[in-house]
Participant: 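The structure follows.
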Amino acid sequence: MDPVRNPYAPGAGQRPPELAGRDRELQQFEVVLERVARGRPERSMIVTGLRGVGKTVLLNAFRSMAIQRLWGTGKIEARPDQSIRRPVASALHMAVRELAPRHRAPDRIEEFLGVLKAFAQAGEEPAGKTKARVHRWQPGIDVPAARGRADSGDLEIDLTELFVDAASVATDVGVGISLFVDEMQDIPADDVSALCAACHELSQNGGPLIVVGAGLPHLPAVLSASKSYSERLFRYARIDRLDRESADVALLAPAEREDVTFTEEALDALYGAADGYPYFVQAYAKVVWDVAPDSPITADDIKVAAPEAESELAVGFFGSRYDRATPAERDYMRAMATLGDEPVPTSAVADELGRKPSSLSPARDGLIKKGLIYSAERGLVAFTVPHFGKFLRAQPA
C-alpha cells in the first residue's frame, strides 16, 4: 500500500492518529479545568506509567485542552541535576505572554514580569574554580527585575511567591495557568520539595494555577519522600497498556479513514505482538502498512512485517537505551532479565551475579538515574521499558 498515506506514527511524544483508551484521563482533566474555572478547590494532576504508554502524548493533549479554554500554558522537561528555576521561569513567561493581550492593565503584566525576571536571576551556580559565581540566565524581559519578591535565592520561597503572583494575573483575566512538567521524576530532590510547597500554597489560597506532571511509576514515591502531604496534594492517574478494544480502535480508526481495514485474525496477531503498548501498536502497524499489498490487511501480512518491526524496535527503542549503560550496568540488567519480567528483589540480582548487594549499588543507582530501571518499592527494581527483559534475553551473552 502507499507508504505516503501510512497514518501510523511511532515517535517519542508524537500524538497517534487516534488517541484511544485514554477517555477516562481526558475526562478527569476536563473536570480539573472546569472546577478551577469556577473557583473551586482542585488538586494538580500527575500521570505515571512505563516508557511507551503515552504519558507525553497525554500531557500534550491536556495542554491542548487548556489552550482551547484560553488558559496560559507552559511546558518543561525535567533533567537530572538541573534546577527547575530557569525552565519554570521560561515556561511561565510563555504562559503570561499568552494572557497579556487580554489583560486590561499592562502595568500588572509588567509588574509580574519584573518578579519573573528577579526569580530567574536569583539562582546562581559556580562558573569555575577561579571565576565568580554568575547568573544562570538572562531572560529577554524588557523590564527591570523586581526587588524583594521571588528573589531570595531559596527556591521554595521564590517559587511559592512566583506561583501566587502568576495565579493573580490569571485571575485578572478570568482564566487559569497550567504548567506541564514531563519526566518529573528527574527533578532534583530539593526542587521537588519546593514545587510541592508552592502547589500546597496554591491549593490553600485557591489560585487558578495547576501543575500537571508526567513521569515513571515511582514518581508518587519521589513526591511522597519530599513532602508527606504530596499524597493529598495531587490527583494521580496511572496509565498502562491498552485493552484489546482500545488497541483495535487505535489500529482501525486511522486505517478506515484511508479506506483500509484489518481482518479479525490480523487484529489478533497485532495485539499479541504489541501486547497493547501504544508505542508498539504504532510501530508494528506502520511496518505492516508498508509491507501489505492491499486491503484488508491479513495475519500473513503481520507475519511478514513482524521481523522488520522487531528489528527496528531492537535498534531504536531497546538498543539505544541499552547502549547508554556501562558494562557493569548491563550485567545488572541481564541479571534482572534472567529473573523474569516482574519487579525483582535487589538481593536476588546480587545472588544471580554472585556479589554482595552493597557492591552493586553504583550500578543500580546509575541505571535509576539514566531512567532504565526504577525502584518499584523498597528492595525491588523493575525495568522502565516494557518487554526490555525479553529483549535482553534474546541478546547473545
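In this text, all values refer to a predicted model and were calculated from it rather than measured experimentally. Side-chain atoms are counted along with the backbone in the values below, which use heavy atoms only and exclude waters and symmetry mates.
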Participant: Using the test side chain to side chain contact (heavy atoms under 4.5 Å, CB included), find all partners of L339 that sit at least two apart in sequence or belong to another chain.
Facilitator: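 By the side chain to side chain contact (heavy atoms under 4.5 Å, CB included) rule, L339 matches V344, A348, V349, E352.
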Participant: Determine whether F180 and I76 satisfy the following criterion, side chain to side chain contact (heavy atoms under 4.5 Å, CB included), listing intermediate values before the conclusion.
Facilitator: CA-CA 6 Å; F180 297 90; I76 71 173; over 6 Å; no
Participant: Looking at side-chain heavy atoms only, is the closest gap between V260 and P7 below 4.5 Å?
Facilitator: no
Participant: Just do the side chain to side chain contact (heavy atoms under 4.5 Å, CB included) check on M336 and F383 with the steps written out, would you?
Facilitator: CA-CA 9 Å; M336 287 177 59; F383 292 114; 3.7 Å; yes
Participant: Search all heavy atoms of C199 against all heavy atoms of S44 and return the closest pair with its distance.
Facilitator: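 Closest approach of C199 to S44: SG-OG, 4.3 Å.
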Participant: Counting N and O atoms only, with roles assigned by atom type, does the side chain of T384 sit under 3.5 Å from a partner on the main chain of G371, one being a donor and the other an acceptor?
Facilitator: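 A pair under 3.5 Å: yes.
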Participant: Would you indicate whether Q204, at its atom CD, is surrounded by more than 12 heavy atoms from other residues, nucleotides or ligands within a distance under 6.0 Å?
Facilitator: yes
Participant: Donor-acceptor pairs under 3.5 Å, side chain of residues 276-287 to any protein atom, not counting sequence neighbours: which ones?
Facilitator:
unit_1, atom_1, unit_2, atom_2, d
Y277, OH, R241, NH2, 3.0
Q282, OE1, A9, N, 3.0
Y284, OH, E310, OE2, 3.4

Participant: Give a yes or no on whether L216 and L372 share a hydrophobic cluster (residues Ile, Leu, Val, Met, Phe, Trp, Tyr; joining criterion: side-chain heavy atoms under 4.5 Å apart).
Facilitator: no
Participant: Pairs in or reaching into residues 261-271: which pass salt bridge (charged side-chain N to carboxylate O under 4.0 Å, His left out), with residues at least two apart or in two chains?
Facilitator: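 For residues 261-271: R244-E264, R244-D268.
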Participant: Do you know which two heavy atoms are closest between T73 and R63, and how far apart they sit?
Facilitator: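 Where T73 meets R63 most closely, the heavy atoms are OG1-NE, 3.1 Å.
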Participant: Is a donor on one side and an acceptor on the other found under 3.5 Å between the side chain of Q395 and the backbone of F391?
Facilitator: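 Yes, the answer is positive, given that a donor and an acceptor are paired below the 3.5 Å cut-off.
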Participant: Give me each pair satisfying salt bridge (charged side-chain N to carboxylate O under 4.0 Å, His left out) with a member in residues 369-390, each pair once, sequence neighbours excluded.
Facilitator: D81-K369, E329-K370
Participant: Going by heavy atoms in the side chains, are V36 and I210 under 4.5 Å from each other?
Facilitator: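 The answer is yes; the side chains approach within 4.5 Å.
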Participant: Hey, could you give me the CG/CG distance between L159 and L195, rounded to the nearest 0.5 Å?
Facilitator: 6.0 Å
Participant: So which atom in I177 and which in A166 form the shortest heavy-atom distance, rounded to 0.1 Å?
Facilitator: CD1-O, 3.5 Å
Participant: Pick from K75, R15, Q14: which one makes a side chain to side chain donor-acceptor pair (under 3.5 Å) with N60?
Facilitator: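 Checked K75, R15, Q14 against N60; only one passes side chain to side chain donor-acceptor pair (under 3.5 Å): K75.
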Participant: Keeping the roles fixed (side chain from Q185, backbone from L219), state whether a donor-acceptor pair exists under 3.5 Å.
Facilitator: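 Here the side-chain-to-backbone pair does not exist.
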Participant: Determine yes or no for a side-chain-to-main-chain donor-acceptor pair under 3.5 angstrom, with T48 supplying the side chain and P217 the backbone.
Facilitator: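 A pair under 3.5 Å: no.
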Participant: Apply salt bridge (Lys or Arg N to Asp or Glu O under 4.0 Å) to D172 and list each qualifying residue two or more places apart in sequence or on a separate chain.
Facilitator: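 With neighbours one apart ignored, the set is R108.
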Participant: With a 4.5 Å cut-off on side-chain heavy-atom distances among I, L, V, M, F, W and Y, is there a chain of contacts connecting V164 to V173?
Facilitator: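 Result: no, two separate clusters.
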Participant: Can a donor-acceptor pair be found, under 3.5 Å and without considering hydrogens, that links the side chain of R330 to the backbone of D323?
Facilitator: yes
Participant: Using the test salt bridge (Lys or Arg N to Asp or Glu O under 4.0 Å), find all partners of D165 that sit at least two apart in sequence or belong to another chain.
Facilitator: R149
Participant: Taking side chain as C-beta onward, heavy atoms only, is L26 less than 4.5 Å from L19?
Facilitator: yes
Participant: Counting only N and O atoms by type, is there a donor-acceptor contact under 3.5 Å from the side chain of S246 to the main-chain atoms of D243?
Facilitator: no
Participant: Should we say atom CZ of R102 is surrounded by more than 12 heavy atoms from elsewhere, each under 6.0 Å from it?
Facilitator: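 Atom CZ in R102 is packed in, count exceeds 12.
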Participant: Is there a side chain to side chain contact (heavy atoms under 4.5 Å, CB included) between H387 and F317 once you walk through the steps?
Facilitator: CA-CA 10 Å; H387 292 189; F317 192 71; over 6 Å; no
Participant: With sequence neighbours left out, what residues match R257 under salt bridge (Lys or Arg N to Asp or Glu O under 4.0 Å)?
Facilitator: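 Checked R257 against salt bridge (Lys or Arg N to Asp or Glu O under 4.0 Å); matches are E18.
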Participant: Find the distance between CD1 (I84) and CD1 (I187) and round it off to the nearest 0.5 Å.
Facilitator: 5.0 Å
Participant: Strictly by salt bridge (charged side-chain N to carboxylate O under 4.0 Å, His left out), give each pair with a member in residues 218-236 just once, sequence neighbours left out.
Facilitator: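 Sorted result for residues 218-236: E42-R235, E156-K227.
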Participant: Any sub-3.5 Å donor-acceptor pair from D331's side-chain atoms to A328's backbone N or O?
Facilitator: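 Between the backbone of A328 and the side chain of D331 there is no qualifying donor-acceptor contact (under 3.5 Å).
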Participant: Nearest 0.5 Å, what's the CD-CG distance between E308 and L313?
Facilitator: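 Going from CD on E308 over to CG on L313, the span is 11.0 Å.
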Participant: Report yes or no: is the cationic atom of R321 (NZ for Lys, CZ for Arg) closer than 6.0 Å to the six-membered ring centre of F388, at no more than 45° off its axis?
Facilitator: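 Judged by the rule, R321 and F388 form no cation-pi pair.
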Participant: Is the side chain of K55 donor-acceptor paired with the backbone N or O of L50 at a distance under 3.5 Å, no angle test?
Facilitator: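 The answer is yes, because a donor-acceptor pair under 3.5 Å joins these two groups.
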Participant: If the condition is salt bridge (Lys or Arg N to Asp or Glu O under 4.0 Å), which residues does R393 pass it with, not counting sequence neighbours?
Facilitator: D341
Participant: State, yes or no, whether a side-chain contact exists between P16 and Y8 at a heavy-atom distance under 4.5 Å.
Facilitator: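 Sidechains of Y8 and P16: no contact.
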Participant: Taking all non-hydrogen atoms of both residues, which atom of V288 and which atom of A305 are closest, and how far apart?
Facilitator: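 Taking every non-hydrogen atom into account, CG2-CB, 3.5 Å.
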Participant: With sequence neighbours left out, which residue pairs that include part of residues 223-273 fulfil the ring pair (Phe, Tyr, Trp, His ring centres under 6.0 Å) condition?
Facilitator: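 For residues 223-273, and leaving out neighbouring residues, the ring pair (Phe, Tyr, Trp, His ring centres under 6.0 Å) pairs sorted by first residue read H200-Y229.
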Participant: Please list all pairs passing the side chain to side chain donor-acceptor pair (under 3.5 Å) test where one or both residues lie in residues 22-32, with sequence neighbours left out.
Facilitator: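 Those involving residues 22-32 are E30-R69.
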Participant: Parallel, tilted or perpendicular, judged at 30° and 60°: which one describes the rings of F62 and F29?
Facilitator: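 Taking F29 first and then F62, their aromatic rings lie parallel (interplane angle under 30°).
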Participant: Rounded to the nearest 0.5 Å, what separates atom NE2 in H103 from atom CZ in F112?
Facilitator: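 Reported to 0.5 Å precision, the distance equals 11.0 Å.
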Participant: Same cluster or not: F163 versus I157, using hydrophobic residues (I, L, V, M, F, W, Y) connected whenever any side-chain heavy atoms lie under 4.5 Å apart?
Facilitator: no
Participant: Give me the atom names and distance for the closest heavy-atom approach of A325 to L367.
Facilitator: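 What the structure gives for the nearest pair is CB-CD2, 4.3 Å.
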Participant: Please, which pairs that meet salt bridge (charged side-chain N to carboxylate O under 4.0 Å, His left out) have at least one residue in residues 187-196, sequence neighbours excluded?
Facilitator: none
Participant: Should D248 and L242 be marked as a side chain to side chain contact (heavy atoms under 4.5 Å, CB included) after you check the CA-CA gap, both sets of side-chain angles, and the distance that decides it?
Facilitator: CA-CA 9 Å; D248 286 356; L242 301 175; over 6 Å; no
Participant: Answer yes or no: is there a donor N or O on one side and an acceptor on the other, between the side chain of R79 and the main chain of D186, under 3.5 Å?
Facilitator: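 Checking the backbone N and O of D186 against the side chain of R79, no donor-acceptor pair under 3.5 Å is found.
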Participant: How many angstroms lie between OH in Y322 and OG in S320, if you round to the nearest 0.5 Å?
Facilitator: 13.0 Å
Participant: Quick check for you: to the nearest 0.5 Å, what is the distance between L155 atom CG and S193 atom OG?
Facilitator: 9.0 Å
Participant: Mind checking whether D158 and R85 have side chains closer than 4.5 Å, heavy atoms only?
Facilitator: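 D158 reaches R85 side chain to side chain.
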Participant: Would you find a donor on one side and an acceptor on the other, under 3.5 Å apart, between the side chain of W71 and the backbone of L99?
Facilitator: no
Participant: Hey, are the side chains of Q121 and D151 touching, using non-hydrogen atoms and a 4.5 Å cut-off?
Facilitator: no
Participant: If you compare all heavy atoms of E256 against all heavy atoms of T261, which two are closest, and at what distance to 0.1 Å?
Facilitator: OE2-OG1, 3.8 Å
Participant: Taking C-beta and beyond as the side chain, do V192 and C196 meet within less than 4.5 Å on heavy atoms?
Facilitator: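 Result yes, sub-4.5 Å side-chain heavy-atom pair found.
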